[in-house]
K.L.:
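Below: one structure in structure tokens.
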Protein chains: 2
Amino acid sequence: MSVSKMSAPDVNQSMCPSRLVLEHVTSRWGVLVLAALLERSYRFSELRRTVGGVSEKMLAQTLRTLERDGFVRRDAQAVIPPRVDYSLTELGREAGEQVWGLARWVERRMDEVSEARRAYDEARTS
Amino acid sequence: MSVSKMSAPDVNQSMCPSRLVLEHVTSRWGVLVLAALLERSYRFSELRRTVGGVSEKMLAQTLRTLERDGFVRRDAQAVIPPRVDYSLTELGREAGEQVWGLARWVERRMDEVSEARRAYDEARTS
DNA sequence: CAGTATCCTACACGATACTG
DNA sequence: CAGTATCGTGTAGGATACTG
């Protein structure tokens, strides 16, 4: 019902479990959540405001995925109104530093990328 | 026609152009293409077989995007049958090393991630 | 060989409403 | 406050056929 006709034998991420983790930490909101938590711990709504533009659904999903992977620690206090704090585990801190490092590398090289694009686009607009 | 109602003021990647580049290099096929080209240059079909499971469409698209960003050099020889070689630029080599470094970090920590997942899943199956 | 063009589907994601 | 449940849509990406 879903594989339809089975394209290749090993395809799909099934071939490489780490591919999924890579996707989790480099996902649109994953990067930003890790970056935010690298600074300090946050509560849910606080994190939502800080990251900016993320829907409740996606933030919850991202946090759950990262928690399950062992990157984020969820600390729920049994008070009313509820209070839940999110922070990085040691593993998560390392992950955050890695992706943040990559993100910063991209930013540092952004000028060269822009120039490459300009050249590329111009070459076919002529 | 596409923004519908405008959710947030700065949202969408428009706020951060480097976010797009990050997506290009960490994309499903982007990572694998960069990793392959880190070894040596490849021809189109050769690369397709090496990466494994990628459709012609996606490989072409990935290569074009990476070329436009200045990471991949496309060398087309005017012979018959056509011969096109793809290789990394210096910028692309750096990018490849960065993402490959991240990918390897994930692999190194994969056991810890698996254990975290096991613990997480067990805690709610009980 | 090295692609492009077309069609089609699954799912990622956002919006909204609701709950403990 | 901190989420879940549900619905609707855009688009990433696969299959296939065709071209220079």
K.L.:
Within this structure, what is the CZ-to-C1' distance between A/R48 and C/dG14, rounded to whole angstrom?
P.N.:
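Computing the A/R48:CZ to C/dG14:C1' distance gives 10 Å.
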K.L.:
Taking CD in B/E39 as the centre, count heavy atoms belonging to other residues, nucleotides or ligands within less than 6.0 Å. Is the count above 12?
P.N.:
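Atom CD in B/E39 is not crowded, with 12 or fewer foreign heavy atoms closer than 6.0 Å.
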K.L.:
With a 4.5 Å limit on heavy-atom distance, are the side chains of A/L102 and B/T26 in contact?
P.N.:
yes
K.L.:
Heavy atoms, side chains only, cut-off 4.5 Å: are A/V113 and B/F71 in contact?
P.N.:
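In contact.
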K.L.:
Find the distance B/M58:CE to C/dA10:P and express it as a whole number of Å.
P.N.:
18 Å
K.L.:
Under a 3.5 Å cut-off on both pairing distances, which runs of 3 or more consecutive Watson-Crick or G-U pairs involve DNA chain D?
P.N.:
C:1-20 with D:1-20
K.L.:
Just how far is it from atom CG of A/D85 to atom OH of A/Y42, taken to the nearest 0.5 Å?
P.N.:
12.0 Å
K.L.:
Can you tell me how far CD of A/Q98 sits from CG of A/L34, rounded to the nearest 0.5 angstrom?
P.N.:
11.5 Å
K.L.:
In whole angstrom, what separates B/L59's CG from D/dA15's P?
P.N.:
14 Å
K.L.:
Hey, are the side chains of A/L88 and A/V72 touching, using non-hydrogen atoms and a 4.5 Å cut-off?
P.N.:
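Contact flag for A/L88/A/V72 side chains = yes.
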K.L.:
At their closest point, which heavy atom of A/S18 faces which heavy atom of B/E107, and how far apart are they?
P.N.:
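Reported closest heavy-atom pair: OG-CG, 3.5 Å.
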K.L.:
Is the shortest side-chain heavy-atom distance between B/R40 and B/E46 below 4.5 Å?
P.N.:
yes
K.L.:
Would you kindly give the CD-to-C1' distance between B/E23 and D/dG13, to the nearest whole Å?
P.N.:
15 Å
K.L.:
Between N or O atoms, less than 3.5 Å apart, protein on one side and nucleotides 2-4 of chain C on the other: list the pairs.
P.N.:
from, atom 1, to, atom 2, distance (Å)
C/dA2, OP1, B/R43, NE, 2.8
C/dA2, OP1, B/R43, NH2, 3.1
C/dA2, OP1, B/V84, N, 3.4
C/dA2, OP2, B/S45, N, 3.2
C/dA2, OP2, B/S45, OG, 3.1
C/dG3, OP1, B/R74, NE, 3.3
C/dG3, OP1, B/R74, NH2, 2.6
C/dG3, OP1, B/Y86, OH, 3.4
C/dG3, OP2, B/Y86, OH, 2.5
C/dG3, N7, B/E56, OE1, 3.1
C/dG3, O6, B/E56, OE1, 3.3
C/dT4, O4, B/E56, OE1, 3.2

